[in-house]
Amino acid sequence: MTRKPIIAGNWKMNNTVADTRDAVRKLVPLVNDSVDVDIVVCPPFTSLAAAVDAAESSNISVGAQNVHWEEKGAYTGEISVKMLIELNVAYAVVGHSERRQYFGETDVNVNRRLHASLQAGLIPIVCVGETLEQRRSGEMEAVITGQIRVCLDKVSADRMCGTVIAYEPVWAIGTGVTATPEQAQEVHSLIRRLLRESYDDTTAETVRIQYGGSVKSSNINDLMSQPDIDGALVGGASLVPDEFGDLIKKAVDN
Ligand code: PEP
């Protein structure tokens, strides 16, 4: 089965409204011929409307970096799916390791965020990944298995097919250290096997699994040549339009 590659840029806490407008306007002409790949930019909440506006009529979609599970209420600092849908945001990243590390997010509330997104028609990008200590102590498989089971709990096969998973080893995020294509492939194939066990062959073969962790235009091609790597979630390299545009082109350049 062929899966359409998906490259998403996670801008984290970077880019004001003006910076966002500028960056998206620069990116649009760089990637307008790249039709065989889904392209997403995820700016901070304050810049979402500007990104949607600047990406209008282009092949770039906009995603949020997080979303809350409740529709409204006393959740200071949180944003609901309804608020994102109103802005024409199409994707939401859930469970990014920085959210887990600095803001106490757990697999259980990642699962809630995932259900809320799917219910509203947002495409979730669910992040999983082990720390260096967990990898070194031989726990990688158990950690990924646990995260996948809890994060995807009670998601139907149909909805699973519309969900994107991002495997992001914590030790490779923002460190300049990229997992080798073989290391990434090993975990991607584990995730696909877990999907096969929990769902069925069709679901496992349909779900797109991105790799994330110091992806650049210079290493995307080798990563994409692995059979279970369907794209990338890109932090630092997505902040520079020329570099991100190049990376997107190379992702589909076999
Ligand atoms: C990320 O933020 O999801 C990420 C992978 O960052 P970087 O590409 O900078 O490692």
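As the structure lists them, so they are numbered: ligands from 1, and atoms in each ligand from 1.
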| query | Looking at L84, V93, V81, which one forms a side chain to side chain contact (heavy atoms under 4.5 Å, CB included) with S117? | reply | V81

| request: May I ask you to identify the nearest protein heavy atom to atom 1 (C) of ligand 1, giving residue, atom name and distance to one decimal place in Å? | output: H96 NE2, 3.3 Å

| task | May I ask you to check whether E243 and S217 show a side-chain donor-acceptor distance below 3.5 Å? | result | yes

| message | Any heavy-atom pair between the side chains of V170 and R100 that's under 4.5 Å? | response | no

| message | Among all protein heavy atoms in this structure, tell me which lies nearest to atom 3 (O) of ligand 1, with the distance rounded to 0.1 Å. | response | E168 OE2, 2.7 Å

| task | Flag the pair I165 / L152 as yes when at least one side-chain heavy-atom distance between them is below 4.5 Å, and no otherwise. | result | yes

| message | Any nitrogen or oxygen of G235 lying under 3.5 Å from a nitrogen or oxygen in ligand 1? Just yes or no. | response | yes

| note | Here the atoms of ligand 1 under 4.0 Å from any heavy atom belonging to G213 are 5 (C), 10 (O)

| request: Output the list of atoms in ligand 1 that are nearer than 4.0 Å to some heavy atom of S214, sorted by atom number. | output: 7 (P), 8 (O), 10 (O)

| task | Mind checking whether I173 contacts ligand 1 via backbone (N, CA, C, O), side chain (CB onward), both or neither, at a 4.0 Å heavy-atom cut-off? | result | both

| request: State the atoms of ligand 1, each with its element, that fall below the 4.0 Å cut-off from a heavy-atom position in G174. | output: 7 (P), 9 (O), 10 (O)

| said: What I want to find out is whether R193 reaches E197 closely enough, with some N-O distance under 4.0 Å, to be called a salt bridge. | reply: yes

| field | Interfacing atoms of ligand 1 (cut-off 4.0 Å, heavy-atom, G212) | value | 5 (C)

| Sub-4.0 Å atoms of ligand 1 with respect to non-hydrogen atoms of A172 | 10 (O)

| According to the interplanar angle, ranging from 0 to 90°, do the rings of H188 and Y167 count as parallel (below 30°), tilted (30 to 60°) or perpendicular (above 60°)? | perpendicular

| Check: L233 N/O within less than 3.5 Å of ligand 1 N/O | no

| query | Are any of the side-chain nitrogens in E205 or R3 under 4.0 Å away from the carboxylate oxygens of its partner? | reply | yes

| Atom indices of ligand 1 within 4.0 angstrom of G236 heavy atoms, with elements | 7 (P), 8 (O), 9 (O)

| Is there side-chain contact between P5 and D36, with at least one heavy-atom pair below 4.5 Å? | no

| message | Using a 3.5 Å cut-off on N or O atoms only, is K12 in polar contact with ligand 1? | response | yes

